[in-house]
Chemist: 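Have a look at the structure that comes next, please.
If you read the sequence from its start, that first residue is 1, and numbering goes on from there.
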Amino acid sequence: MSDKHTAKWNDVCNRTDSCALCGAAAWAAGIENSQILVNGPLWCYFYAMRQLECGDVHLSERMHMTQLDNTAIIYGSEKCISEGVERVLANGKPDLLFVENNCSAGLIGDDLIGIIREMDLKIPCVAMDSGGTIGGFAEGFSRAMLKTFEQLDVGAFAKNKTTKSLRVNLLGVTKFYYNGEADLSELVRILTLAGYEVNTLASVEEILEAGQAELNIVCHEELGLEAAIYLEKHLGMKYICPGLPYGCYGTKKWLEKINAILPCPNLAEVSKEIKKMELFLTKRNSDFATLWQTLAYDRIIISGPGTTVQCMADALREEWVDTDKLIVVSQHRLKNEYCNLQDVLLYAEDEDTNIQNLCAMKPEENLLLLASSNEYMEMRLAKSNNISRCHIALPAVDSILLNKLPFMGIKGSANMLQNLWNAFVELKLKQ
């Protein structure tokens, strides 16, 4: 969310967003053998935990709380933090200890970084405020990444280190977005097949080695752009914002953008796999259309994280579905433009963006919604049988996702088209 726009509570609910504390914890939780200590009350801890457990069912073993009481709010939280750290370290020393303040703890004014340093823990530590003044999930995630670079002194580690040929950093990827772990695996697979060495910053060692990459690839701009700017400023590293690879053609364009900045040796290998998938999907599409008619909707609404929906929008119209009107509701305002084929681009934080109004249809119209459970529940008020849905964002309480099949990349092309066809067939059967 940009600095020029202020979110109200109702806006945040409509945007299916969560708080900065949750986003900061998501960054830390993506680091191997990390431990997270939330300095705050029970409510904030469980709120963030409930969101993040969708991406890691074992996260409760690594995420802890201090459970601040009224005395700590008034007189300071140093004792609570010390006791909390002792509980965390009782089970062994982690590779990284991440301590974050919630809103109320941040208002106390305690020097969180100073408290942690005073304990002299002899392990890598990162501490930060992650209260509501920062923003939502993306702002917390982005700031946590920057604080990690700063407090682990990535710049100092990069001095006198040689750059590794064809090594790239993936910035702004997280398994705590919907289906994020499967998508990350597909991105790494495609880039590795193309000939790159991929650093996902998934360990303290990889974070410290971030300065040895030739190129930073910003995936979700709302999560990773600020980190790319930081590394460019302090280490002189080049970065690119190619968006996200949805669909076969979209994946080809995505890889070509990266190749134009840092040529890879095996682009032909990936192109061969893309071509094979395109032929397969074209044949299957033809077969399904013969039986169920052309995969088409009068209107499509896609709503969710900014980079996700703006990049997926072009794949929807270019490769997957026919539609008369494509409406994109972006949860974030981005600095780069990723979609070109939409009819309408709206921002969830704007007062005139209302899902119920967007879903108002004529009785004969069909509509496809790609969003979260929140938008679908809003849409059900329309009481229409002409609505299909596919979840692409959290929360997703009315849809089961167990298999780790990506939405992005070459494999994701088949998976997304499968999901869209199944939703379409279900609609036809209801009608």
Chemist: Is any side-chain N of the basic residue among Lys175 and Glu181 closer than 4.0 Å to the acidic one's carboxylate O?
Modeler: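 A salt bridge is absent here (no side-chain N lies under 4.0 Å from a carboxylate O).
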Chemist: Got a donor-acceptor contact below 3.5 angstrom from the Ser286 side chain to the Lys283 backbone?
Modeler: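 Looks like no, no N/O pair under 3.5 Å.
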Chemist: Between Glu209 and Lys161, is there a side-chain N and carboxylate O pair less than 4.0 Å apart?
Modeler: no
Chemist: May I ask you to check whether Tyr177 and Phe137 place their ring centres under 6.0 Å from each other?
Modeler: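 Aromatic pair counts; centres sit under 6.0 Å.
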Chemist: Go through the steps for Asp298 and Leu367 under the test side chain to side chain contact (heavy atoms under 4.5 Å, CB included), then give the verdict.
Modeler: CA-CA 6 Å; Asp298 297 297; Leu367 184 146; over 6 Å; no
Chemist: Quick check: are there more than 12 heavy atoms from other residues, nucleotides or ligands sitting under 6.0 Å from CD of Gln293?
Modeler: no
Chemist: Do Gln431 and Asn366 have side-chain atoms, one donor and one acceptor, less than 3.5 Å apart?
Modeler: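 Distance-only check passes for Gln431 and Asn366.
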Chemist: For Leu405 and Asn415, work out which heavy atoms get closest and say how close.
Modeler: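 Minimum heavy-atom separation between Leu405 and Asn415: O-ND2, 3.3 Å.
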Chemist: Please examine the side chains of Gln35 and Phe98, heavy atoms only from C-beta on, and report whether any two atoms are closer than 4.5 Å.
Modeler: no
Chemist: Please report the interatomic distance CG(Leu370) to CD1(Ile301), rounded to the nearest 0.5 Å.
Modeler: 10.0 Å
Chemist: Check whether any side-chain N or O of Thr294 sits under 3.5 Å from a backbone N or O of Ala296 as a donor-acceptor pair, and report yes or no.
Modeler: no
Chemist: Looking only at the side chains, is there a donor atom on one of Trp27 and Thr174 sitting less than 3.5 Å from an acceptor on the other?
Modeler: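 No, because no side-chain N or O of Trp27 sits under 3.5 Å from a partner of the opposite role on Thr174.
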Chemist: Quick one: closest heavy-atom pair of Leu96 and Ile31, and the distance?
Modeler: CD2-CD1, 3.5 Å
Chemist: Roughly how far, to the nearest 0.5 Å, is OG1 of Thr323 from CG of Leu341?
Modeler: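 One gets 12.0 Å once the value is rounded to the nearest 0.5 Å.
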Chemist: Would you find a donor on one side and an acceptor on the other, under 3.5 Å apart, between the side chain of Gln418 and the backbone of Ala414?
Modeler: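 A pair under 3.5 Å: no.
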Chemist: Give the minimum heavy-atom separation between Leu345 and Cys339, together with the two atoms involved.
Modeler: CD2-SG, 4.4 Å
Chemist: Under 4.0 Å between a Lys/Arg side-chain N and an Asp/Glu carboxylate O for Asp343 and Arg299?
Modeler: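 Here Asp343 does not pair with Arg299 in a salt bridge, since their nearest N and O are not under 4.0 Å apart.
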Chemist: Regarding Arg317 and Asp322, does a basic nitrogen lie under 4.0 Å from an acidic carboxylate oxygen?
Modeler: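 The answer is no: the pair does not qualify as a salt bridge.
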Chemist: Check whether any side-chain heavy atom of Leu170 sits under 4.5 Å from a side-chain heavy atom of Val198, and report yes or no.
Modeler: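 Result yes, sub-4.5 Å side-chain heavy-atom pair found.
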Chemist: Asn199 and Asn169: side-chain donor and acceptor closer than 3.5 Å?
Modeler: yes
Chemist: Is atom CD of Glu256 surrounded by more than 12 heavy atoms (other residues, nucleotides or ligands) closer than 6.0 Å?
Modeler: yes
Chemist: Are Cys248 and Leu281 packed together at the side-chain level, in the sense that at least one heavy-atom pair is separated by less than 4.5 angstrom?
Modeler: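 When only atoms from C-beta onward are counted, Leu281 and Cys248 do touch, with a gap below 4.5 Å.
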Chemist: As a quick check of understanding, evaluate side chain to side chain contact (heavy atoms under 4.5 Å, CB included) for Val38 and Met63, giving each step before the final call.
Modeler: CA-CA 8 Å; Val38 175; Met63 190 168 173; 3.8 Å; yes
Chemist: For the CD1 atom on Ile400, are there more than 12 heavy atoms of other groups (residues, nucleotides or ligands in this structure) within a distance under 6.0 Å?
Modeler: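 No, because the 6.0 Å sphere around CD1 of Ile400 holds 12 heavy atoms or fewer from other groups.
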Chemist: Mark yes or no for whether Glu186, through its side chain, and Asp183, through its backbone, hold a donor-acceptor pair below 3.5 Å.
Modeler: no
Chemist: Could you walk me through whether Arg189 and Glu273 satisfy the salt bridge (charged side-chain N to carboxylate O under 4.0 Å, His left out) test, starting with their C-alpha distance in whole Å, then the side-chain angles of each, then the deciding distance to 0.1 Å, before giving a yes or no?
Modeler: CA-CA 12 Å; Arg189 187 188 73 83; Glu273 184 179 334; 2.8 Å; yes
Chemist: Would Asp153 and Lys159 satisfy salt bridge (charged side-chain N to carboxylate O under 4.0 Å, His left out), going step by step from the backbone distance to the final call?
Modeler: CA-CA 11 Å; Asp153 205 351; Lys159 290 181 179 179; over 6 Å; no
Chemist: Measure from the side-chain N and O atoms of Glu221 to the backbone N and O of Asn336, and report whether any donor-acceptor pair falls under 3.5 Å.
Modeler: yes
Chemist: Within a reach of under 6.0 Å around CZ of Phe157, are more than 12 heavy atoms found that belong to other residues, nucleotides or ligands?
Modeler: yes
Chemist: Could you walk me through whether Tyr338 and Cys241 pass the side chain to side chain contact (heavy atoms under 4.5 Å, CB included) check?
Modeler: CA-CA 9 Å; Tyr338 298 103; Cys241 298; 3.5 Å; yes
Chemist: Which value, rounded to the nearest 0.5 Å, describes the distance between Ile410 atom CD1 and Lys252 atom NZ?
Modeler: 11.5 Å
Chemist: Between Glu214 and Tyr196, is any side-chain donor less than 3.5 angstrom from a side-chain acceptor?
Modeler: no
Chemist: Just how far is it from atom CD of Glu319 to atom OG1 of Thr251, taken to the nearest 0.5 Å?
Modeler: 7.5 Å
Chemist: For the NZ atom on Lys164, are there more than 12 heavy atoms of other groups (residues, nucleotides or ligands in this structure) within a distance under 6.0 Å?
Modeler: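 Buried by this count: over 12 neighbours within 6.0 Å.
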Chemist: Output the distance between atom CG (Leu59) and atom CD (Gln51), rounded to the nearest 0.5 Å.
Modeler: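 With rounding to 0.5 Å, CG (Leu59) is 11.5 Å from CD (Gln51).
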Chemist: Going by side-chain contact (heavy atoms from CB on, under 4.5 Å), Cys219 matches just one of Thr308, Val173, Leu184. Which one?
Modeler: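 Exactly one pass, corresponding to Val173.
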Chemist: Any side-chain to backbone donor/acceptor pair from Thr307 onto Gly243? Under 3.5 Å, distance only.
Modeler: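 No, because the side chain of Thr307 does not come within donor-acceptor range (under 3.5 Å) of the backbone of Gly243.
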Chemist: Would you say the ring centroid of Phe424 lies under 6.0 angstrom from that of Phe288?
Modeler: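 Aromatic pair excluded; centres sit 6.0 Å or further apart.
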Chemist: Would you find more than 12 non-hydrogen atoms of other residues, nucleotides or ligands less than 6.0 Å from Lys253 atom NZ?
Modeler: yes
Chemist: I'd like to know if the side chain of Asn285 pairs up with that of Trp421 as donor and acceptor (distance under 3.5 Å, no hydrogens or angles considered).
Modeler: yes
Chemist: Is a donor from one side chain sitting under 3.5 angstrom from an acceptor on the other, for Ser142 and Glu226?
Modeler: no
Chemist: Around atom CD of Glu364, are there more than 12 heavy atoms from other residues, nucleotides or ligands closer than 6.0 Å?
Modeler: yes
Chemist: Please give me the minimum heavy-atom distance between Leu223 and Ala138, naming the atom from each residue.
Modeler: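 Here Leu223 and Ala138 meet closest at CD2-CA, 3.6 Å.
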Chemist: Would you check if the side chain of Arg167 reaches a backbone N or O of Glu197 as a donor-acceptor pair within less than 3.5 Å?
Modeler: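 It does not hold such a pair.
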Chemist: Is it true that a side-chain atom of Ser203 and a backbone atom of Glu32 form a donor plus acceptor pair closer than 3.5 Å?
Modeler: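 Checking the backbone N and O of Glu32 against the side chain of Ser203, no donor-acceptor pair under 3.5 Å is found.
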Chemist: Start with the C-alpha distance between Asn101 and Met128, add both sets of side-chain angles, then the distance that settles side chain to side chain contact (heavy atoms under 4.5 Å, CB included), and finish with yes or no.
Modeler: CA-CA 6 Å; Asn101 276 339; Met128 63 174 284; over 6 Å; no
Chemist: For the residue pair Ser388 and Glu426, confirm or rule out a side-chain donor-acceptor distance under 3.5 Å.
Modeler: no
Chemist: Under 3.5 Å, is there a donor-acceptor pair between the side chain of Asn259 and the main chain of Cys264?
Modeler: yes
Chemist: Distance from Leu171 atom CG to Leu225 atom CG, nearest 0.5 Å?
Modeler: 9.5 Å
Chemist: Taking atom types as modelled, find out whether Arg143 and Ser130 have a side-chain donor-acceptor pair closer than 3.5 angstrom.
Modeler: no
Chemist: Should the pair Arg389-Asp398 be classified as a salt bridge under the 4.0 Å nitrogen-to-oxygen rule?
Modeler: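 A salt bridge is present here (some side-chain N lies under 4.0 Å from a carboxylate O).
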Chemist: If I compare all heavy atoms of Val328 with all of Ala313, which pair ends up nearest, and what's the gap?
Modeler: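 Closest approach of Val328 to Ala313, heavy atoms only: CG2-CB, 3.6 Å.
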Chemist: Looking only at non-hydrogen atoms, find the nearest pair between Cys125 and Ile116 and report the distance.
Modeler: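 Cys125 and Ile116 have their closest heavy atoms at CB-CG2, 3.8 Å.
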Chemist: Please confirm whether the backbone N or O of Ser372 pairs with a side-chain atom of Glu375, one donor and one acceptor, at under 3.5 Å?
Modeler: yes
